[in-house]
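Heads up: the structure comes next, in structure tokens.
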There are 2 protein chains.
Amino acid sequence: MAKRPTSQNVADMAGVSKWTVIRAFTPGASITEESRAKVMAAAGQLNYRPNLLARSLATNLTHQVAILVDDFENPHKLPVLERLTLELQAEGLVPMLVNINERFGHVHALLNAGQRQVDAVILFGTAFRNETLQDARLEGAAPMFVLARDSQIPGVPAISCDATIAIEELCAHLREQGYRRPGFMAGPQTLSTALGRRRSFKTFWVRHGVEHVPELPAKSYSMTSGAEAVRHYLQETSAGDRIDVLMCENDALALGALDVLRSEFGLRVPQDIAVAGFDNIMFADAPAYDLTTYEQPIEDMVKTTIDMILGRRERQTVQLRGRLVVRGSTKRT
Amino acid sequence: MAKRPTSQNVADMAGVSKWTVIRAFTPGASITEESRAKVMAAAGQLNYRPNLLARSLATNLTHQVAILVDDFENPHKLPVLERLTLELQAEGLVPMLVNINERFGHVHALLNAGQRQVDAVILFGTAFRNETLQDARLEGAAPMFVLARDSQIPGVPAISCDATIAIEELCAHLREQGYRRPGFMAGPQTLSTALGRRRSFKTFWVRHGVEHVPELPAKSYSMTSGAEAVRHYLQETSAGDRIDVLMCENDALALGALDVLRSEFGLRVPQDIAVAGFDNIMFADAPAYDLTTYEQPIEDMVKTTIDMILGRRERQTVQLRGRLVVRGSTKRT
DNA sequence: TTGTACGCGTTATCAT
DNA sequence: ATGATAACGCGTACAA
């Protein structure tokens with residue numbers, strides 16, 4: 001395998017200096033058509049392409065963006081990643097996918113991203129603590145952005161779905177369908193807070209005269225946790241005291257809950273109990289589930305994030321409006 | 001935001017030359033404990049970390065690996081990506097996620113990866129043509145590896161699940177359960193061939209005296225395509241001529257098919273027709289589906305790939321053994 | 001063990 | 001418009 005040709009090699013072949021070669025590859029540089037043609041011919045023969053590594057070293061711009069993900073369990077990650085990579089690439093940016101876990105924490109990842117000189121970091125996960133991200137060693141690192149949840153970190157903008165509007169719309173629908181005994185399944189306490197869904201849910205029902213909203217705590221945002229949580233609730237609650245609609249903090253929880261309601265307790269959805277989720281993942285649409293849910297404005301969120309990264313938009317927390325998706329799991333009529 | 005400190009800055013503060021600083025950060029370099037301590041103290045104060053960009057330029061090693069994905073529709077991608085990123089990171093490699101689509105094809109991606117000097121490229125998709133990858137401009141690029149499907153590209157090893165063994169095991173189970181009229185749902189012709197599942201399936205049944213195996217062609221490897229394919233088949237086939245078990249090339253197809261069988265045609269699974277898939281995606285395990293399937297040895301495949309990338313193992317096509325997962329969708333008893 | 005010269009391939013700036 | 005010089009931050013090879 002021959003070594004990559006450099007601008008010098010092309011220059012030699014074309015009979016010009018290497019700087020002329022660079023100009024030929026620089027849009028808008030001052031160079032004669034003749035020179036450019038000579039250079040391009042030689043470059044074509046040698047199969048030359050500029051070395052982006054060297055370019056980055058000189059310009060201090062890598063055009064790389066790190067995406068930190070800590071929750072591959074959630075099927076919702078996939079369509080967002082797809083969109084994110086798509087739009088980043090369209091802007092000439094390259095996504096670096098970083099898996100955050102016990103062995104490879106946020107600080108580690110951020111330090112590494114810093115060493116790699118990424119232009120920006122997107123926090124696309126559920127579980128990170130503000131204190132962690134204020135580690136002194138992270139000073140002067142790449143600008144960070146939080147995607148699809150809140151950020152309480154000073155100077156780190158969050159781009160998320162407007163939970164207040166979302167829950168308001170969803171609950172209005174539930175109420176219209178006649179449900180009056182709502183329950184809420186929340187994920188881990190601290191993470192749940194960052195999503196803001198639980199609070200909005202309670203607020204809505206209190207406003208409409210429902211003081212007590214039972215809470216079904218789930219250990220994590222996964223199907224199995226959703227299954228466990230609802231299983232525990234039903235075992236502890238007599239049929240008469242049961243809620244008539246269960247709102248889950250995301251679809252993974254909702255689908256896990258739905259499975260248990262039907263297969264383990266023989267309950268009919270929505271006749272015996274209605275279920276709603278959040279995210280509109282692929283399987284929410286499957287006839288086997290037919291889940292009412294709320295779709296986050298993925299495209300809008302992703303584009304907004306990238307606009308901020310590129311400085312085309314003010315780097316400030318925004319909440320974007322999603323879309324209510326009503327399906328059979330909450331339709332009484 | 002202060003500029004990143006360089007080895008020179010640390011050297012000045014520590015009262016040594018910058019090369020001594022580099023040695024302090026080079027495992028196994030010859031340096032006095034005293035010098036190293038001085039350097040580390042200064043480095044700590046300045047919050048210095050070596051610039052990996054510059055290092056890469058000098059060493060010709062980026063420790064970056066590009067992962068080319070063209071099928072984010074398939075839920076199976078997510079757990080594999082999770083594992084892949086995890087194991088790559090454990091080896092100090094950084095995954096670059098590349099979304100292959102109409103606007104950003106394989107050649108484009110590979111050229112870009114080449115310019116970025118990645119150490120290796122993992123082809124983790126379904127649809128790529130060999131001719132494309134033999135583009136002359138791709139000469140001397142990073143070593144490529146095909147993950148989770150066959151490779152007919154000379155010099156490009158494939159790491160996949162052994163389809164022959166898999167289908168053999170799966171079919172043995174089906175036959176034992178008494179099924180004798182098997183049908184196969186295949187994805188797009190050329191892609192299907194690369195998986196080798198269809199061929200193995202036919203071979204098995206011919207060997208056991210079943211000459212005619214109806215084929216249900218699906219347009220792509222998605223749930224909706226699976227739904228369409230089975231819908232079309234049932235509309236065209238009279239009840240008496242119907243197959244009694246449907247093997248789908250992957251779980252996405254199988255779940256789509258299962259939904260249609262039950263919700264649109266009122267068929268019971270497995271009583272009226274059994275269904276099996278391939279991949280063991282998360283939802284195959286859900287009570288709503290309870291799908292018999294075959295699990296690819298993800299961890300094994302990923303580790304093997306990385307071993308090849310790092311040169312710890314011969315770069316040669318291998319087929320690894322997975323695991324049969326029997327569930328309710330094929331159990332008659 | 002430590003310091004020096006030079007190279008990696010590009011960009012920025014200046015002189016011609 | 002073109003060529004030359006310096007710089008980006010680190011690694012290798014060699015000399016002290």
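Residue numbering restarts at 1 for every chain, and letters A, B, ... go by the order of the sequence lines. Quantities reported herein were computed from a predicted structural model and do not represent experimental measurements.
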Contact letters for nucleotides 6-16 of chain C, in which S counts primed atoms plus P, OP1 and OP2 and B counts the base, heavy atoms under 4.0 Å: -BBBBBB----
Sugar-phosphate only, base, or nothing, as touched by A:Ser56 at under 4.0 Å among non-hydrogen atoms: nothing
Reported CD-to-CD1 distance for the pair B:Gln8 and B:Ile22, which is rounded to 0.5 angstrom: 10.0 Å
Sugar-phosphate, base or nothing in reach of B:Ser30, heavy atoms under 4.0 Å: base
Member of B:Leu57, B:Leu61, B:Asn60 meeting the side chain to side chain contact (heavy atoms under 4.5 Å, CB included) criterion with B:Gln117: B:Asn60
Nearest non-hydrogen partners of A:Leu310 and A:Leu93, listed with the distance: CD2-CD1, 4.0 Å
Short side-chain N/O contact to D:dA4 OP1/OP2 from A:Ser17, under 4.0 Å: no
Salt-bridge present (A:Glu82, B:Lys77; N to O < 4.0 Å): no
d(CG, B:Leu61; P, D:dT12) in whole Å: 10 Å
Atom-to-atom span, CG of B:Leu46 to C1' of D:dG9 - whole angstrom: 15 Å
Test applied, side-chain hydrogen bond (donor to acceptor under 3.5 Å, both in side chains); reference residue, A:Glu91; option that passes from A:Arg312, A:His63, A:Lys303: A:Arg312
Any B:Ser35 side-chain N or O less than 4.0 Å from OP1/OP2 of C:dT1: no
Pairwise distance CZ(A:Phe104) to CG(A:Asn99) - rounded to 0.5 angstrom: 9.0 Å
